[in-house]
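The structure appears below as structure tokens.
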There are 2 protein chains.
Amino acid sequence: MNSKFQNISVEEIERRLKDAGVNPTTQRIAIFKYILCDADHPTADQIKSWADKNFPKVSLATIYNTLNVLVDAGLLRELNLPESDSVVYDKTLSEHHHFLDQQTGHLIDIEGDQIRVELKLKRQLKISEMDILLRGTQN
Amino acid sequence: MNSKFQNISVEEIERRLKDAGVNPTTQRIAIFKYILCDADHPTADQIKSWADKNFPKVSLATIYNTLNVLVDAGLLRELNLPESDSVVYDKTLSEHHHFLDQQTGHLIDIEGDQIRVELKLKRQLKISEMDILLRGTQN
DNA sequence: CATAGAATTGGAATAATTCTAAACTGGACT
DNA sequence: AGTCCAGTTTAGAATTATTCCAATTCTATG
């Protein structure tokens, strides 16, 4: 159920791109499908490595362009973890947080319903977003 | 009480450095004092700008060296916020989190006692650290 | 099928940080 | 005071992720 590796048809990918107002080009479809179906919080470089094995040519610039387009369209989120120099891309759009396994470096999504936060702020703050990063180990 | 700008004597700074096993050189004392007394979540570049006005010469490499030494000694923490390309340094060592004012870009410490988190994790995870970043606006 | 606007490309540019090798400092021992 | 040495500082080169740029290639539409 919670499988990271899904099978989504090219048609479905195209439809999602169009619905989000993104022109579904060959490169965008391929990159988006890879992220949705095969990858797990990939970096631009990991996407590039994968692309090099599966396409005649996709330039790194196109990968960055595409990722930015997808993020701007709300189809992906970018995550900037302190422990990595590279941005990783997150296909999960529902409210969620993250757990980083300090032994393996593996990043796991934690759905929003698994964390309840109670704020007792002294200041008058209007909170619009909240990022939580848990660190630790898995048994 | 919650003042960001404190007055701590050079002797006290030296003592803290020594206690943490850090050789209290002129540059380290100056930089550490600046962070503790005058700065608010500064970046290396901001420290460099300040240093340029107050010293004949402090190289940027020394600033980075010093910051790394202080972080390794547990005298500072580094924060890597998604919205900035640069690391910022945090003098507050007690458990706390952060609020980022999306209008001003200002970063505010939120003490640990103002946030209560209840975890209902499905997986068996042993949590050792938790970073929370709130975003929003101030009234 | 012509064409304009969008997408892609390779390579140069940028920016934060680290690396390197040389020069400098300051305390310990004469 | 003079020498020595480990630790520190320095300037500048190197690294790395990402963006920029100008030129080329697609693609949808008339």
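We name chains A, B, ... by the order of the sequence lines, and we start the count at 1 in each one. Values reported hereafter were calculated over all heavy atoms of this structure, with side chains retained and with hydrogens, waters and symmetry mates removed. Since this is a predicted model, take the numbers as computed values, not measurements.
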Would you call A/R135-B/D131 a salt bridge at under 4.0 Å N-O? yes
Salt bridge check: are A/R15 and A/E11 linked by an N-O gap of less than 4.0 Å? no
Is there a side-chain polar atom (N or O) of B/T25 under 4.0 Å from OP1 or OP2 of C/dT25? no
Using atom CG of A/L17 as one end and atom C1' of C/dA6 as the other, report the distance to the nearest whole Å. 15 Å
Would you kindly give the CG-to-C1' distance between B/L67 and D/dT9, to the nearest whole Å? 14 Å
Interatomic distance, A/L60 CG vs D/dT18 P [rounded to whole Å]: 9 Å
Strictly below 4.0 Å: does B/Y64 bring a side-chain N or O up to OP1 or OP2 of C/dT17? yes
For atom CG of B/D52 and atom P of D/dA11, their distance in whole Å: 10 Å
Given the rule in the side chain to side chain donor-acceptor pair (under 3.5 Å) test, do A/Q102 and A/T137 qualify, once you have shown the distances and angles that lead to the verdict? CA-CA 6 Å; A/Q102 291 172 312; A/T137 54; over 6 Å; no
Please work out whether the ring planes of A/H98 and A/H41 are parallel, tilted or perpendicular, with thresholds of 30° and 60°. perpendicular
Which part of the nucleic acid does A/T62 contact within heavy-atom distance under 4.0 Å: base, sugar-phosphate only, or nothing? base
To the nearest angstrom, how far is A/L79 atom CG from D/dT18 atom P? 12 Å
Looking only at side-chain N and O atoms, does B/K48 come under 4.0 Å of OP1 or OP2 in C/dA16? no
Which of D/dT9, D/dA17, C/dT9 is nearest the side chain of A/S86? It is D/dA17
Within this structure, what is the CD1-to-P distance between B/I29 and C/dG26, rounded to whole angstrom? 11 Å
Is the phosphate of C/dT25, meaning OP1 or OP2, less than 4.0 Å from a side-chain N or O of B/Q27? no
Is the number of heavy atoms from other residues, nucleotides or ligands under 6.0 Å of B/R77 CZ greater than 12? yes
What's A/N68 touching, base or sugar-phosphate or nothing? Going by heavy atoms closer than 4.0 Å. sugar-phosphate
Taking 4.0 Å as the cut-off, does a side-chain nitrogen or oxygen of B/N65 come that near to OP1 or OP2 on C/dT18? no
Checking contacts here: which listed nucleotide (C/dT17, C/dC19, C/dT9) is nearest the side-chain heavy atoms of A/A61? C/dT9
Atom pair distance, as rounded to whole Å: CG in A/D85 and P in C/dT17: 10 Å
Rounded off to whole Å, could you give me the CD-to-P distance for the A/E14 and D/dT27 pair? 12 Å
To the side chain of A/N23, which of C/dT9, D/dT9, C/dA7 is closest? C/dA7
